[in-house]
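Have a look at the structure below before the remarks.
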Protein chains: 2
Amino acid sequence: MFQVDPVSRVPIYEQLINNVIRLTAAGVLKPGDRLPPVRTLASEAGVNPNTVAKAYRDLEARGFICSVVGKGSFIHPELTANATLKREAAQTFREACLSARNSGLTGTELKTIVDDICKGG
Amino acid sequence: MFQVDPVSRVPIYEQLINNVIRLTAAGVLKPGDRLPPVRTLASEAGVNPNTVAKAYRDLEARGFICSVVGKGSFIHPELTANATLKREAAQTFREACLSARNSGLTGTELKTIVDDICKGG
DNA sequence: ATTAATGTATTAAATGAATTAATACAAATA
DNA sequence: TATTTGTATTAATTCATTTAATACATTAAT
């Protein structure tokens, strides 16, 4: 269920994060579902428990899961993964806009670029 | 003329790059002006010649200066620094648009964000 | 209460990319 | 031909990221 490539240059904890998000977006994991305990997943994937813990912490900070000591980690009850990803992407794009503005690009110029790339989407 | 903070966490070669761009944008350095030789600037700034060389190579790749062995390094004859910076910023923004699109944001949504941030600029 | 299962926190080791340095090379000019 | 210049190659260093080792804290089950 959780596949990890220890050789990949993409960090293990990031692979784990992507796994959870992908499984959630695909509907395999549903809101409220329980994730494997840190130690269990670590042992199955052959990685250190802390690596899994870091992935879980990250997922919680991003609102994908809820973790509580003694109980476990669960897909966030009111989560739609794609909406969350979209929200994150919007935030990133906002920062890109600010940065572009600081470099002297006007709002009109930015919209021209958006149009050019999206060809009326 | 060229100030470097060896303690700063921003790399020395980057500080040098910023110095050149800033001086050019401010009109202190004009197209055709000669920059200090690699070794001269290195000795003045108290850094390794290669660090200056890297900054110069970078500036040349970005079109800010022209370097030729035996002659020296010069502010690009047809340069307007701000235009170059703007061009670079536009390219970065294009990539941000593509990335946002890949995350499911539509062109309309992107333009809304641009509007929101630029408040009609 | 006690024990076991769980996530969390702290610290240290390992990894790897980015940065800087040492040195030698190549081209242009005087 | 000697000097000045930028370039190239390689190695050392630095530093943030990643992973690991270990101990702690909270919850639930018995």
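Naming: A, B, ... by sequence-line order, numbering from 1 per chain.
Taking a cutoff of 4.0 Å between a charged side-chain nitrogen and a carboxylate oxygen, B:D115 and A:K111 qualify as a salt bridge.
Side-chain atoms of B:R34 come within 3.5 Å of backbone N or O of B:K71 as a donor-acceptor pair. With B:S99 contributing its side chain and B:E95 its backbone, the two residues share no donor-acceptor pair below 3.5 Å. Panel note: side chain B:T40, backbone B:P36; no donor-acceptor pair is recorded below 3.5 Å.
No continuous path of ILVMFWY side-chain contacts below 4.5 Å connects A:F64 to A:F74, so the two sit in separate hydrophobic clusters. The hydrophobic clustering, which links ILVMFWY residues whose side-chain heavy atoms are closer than 4.5 Å, places B:I113 and B:L98 together. Linking Ile, Leu, Val, Met, Phe, Trp and Tyr whenever their side-chain heavy atoms come within less than 4.5 Å leaves B:L85 and A:L110 in two separate clusters. Follow the hydrophobic side-chain contacts under 4.5 Å out from B:I117 and you reach A:V114 in the same cluster. Criterion: ILVMFWY side-chain heavy atoms under 4.5 Å apart, direct or through other members. Under it, A:L35 and A:V69 are not part of a common hydrophobic cluster.
DNA chain C is contacted by no residue of residues 56-66 of chain B, taking any non-hydrogen atom closer than 4.0 Å.
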Dump every N/O contact between nucleotides 17-26 of chain C and the protein below 3.5 Å, one line per pair.
residue	atom	partner	partner atom	Å
C:dT19	OP2	B:Y13	OH	2.8
C:dT20	OP1	B:I12	N	2.7
C:dT20	OP2	B:Y13	N	3.4
C:dA21	OP2	B:N48	N	3.0
C:dA21	OP2	B:T51	OG1	3.2
C:dA22	OP2	B:N48	ND2	3.4
C:dA22	N7	B:N50	ND2	2.8
C:dA22	N6	B:N50	OD1	3.1
C:dA22	N6	B:N50	ND2	2.9

Polar pairs (N or O, both sides) under 3.5 Å between protein and nucleotides 1-4 of chain C?
none

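The side-chain heavy atoms of B:C66 and B:P77, taken from C-beta on, include a pair separated by under 4.5 Å. Between B:E78 and B:H76, the closest side-chain pair of non-hydrogen atoms falls below 4.5 Å.
Taking only side-chain nitrogens and oxygens, A:S67 never comes nearer than 4.0 Å to OP1 or OP2 of C:dG7.
With sequence neighbours excluded, the residues that form a side chain to side chain donor-acceptor pair (under 3.5 Å) with A:N50 are A:N48.
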Between side-chain atoms of residues 11-25 of chain B and protein atoms elsewhere (two or more places apart, or another chain), which donor-acceptor pairs fall under 3.5 Å?
residue	atom	partner	partner atom	Å
B:Q15	OE1	B:D5	N	2.8
B:Q15	NE2	B:D5	O	2.9
B:Q15	NE2	B:V10	O	2.8
B:N18	ND2	B:E14	O	3.3
B:N19	OD1	B:R22	NH2	3.4
B:N19	ND2	B:Q3	O	2.9
B:N19	ND2	B:Q15	O	3.3
B:T24	OG1	B:V20	O	2.6

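Taking atom CD on A:Q15 and atom P on D:dT18, their separation rounds to 12 Å, with Å as the unit. Taking atom CZ on A:R34 and atom P on D:dT27, their separation rounds to 15 Å, with Å as the unit.
Pairs of Watson-Crick or G-U wobble type, with distances under 3.5 Å, assemble into runs of 3 or more in DNA chain C at these ranges: C:1-30 with D:1-30.
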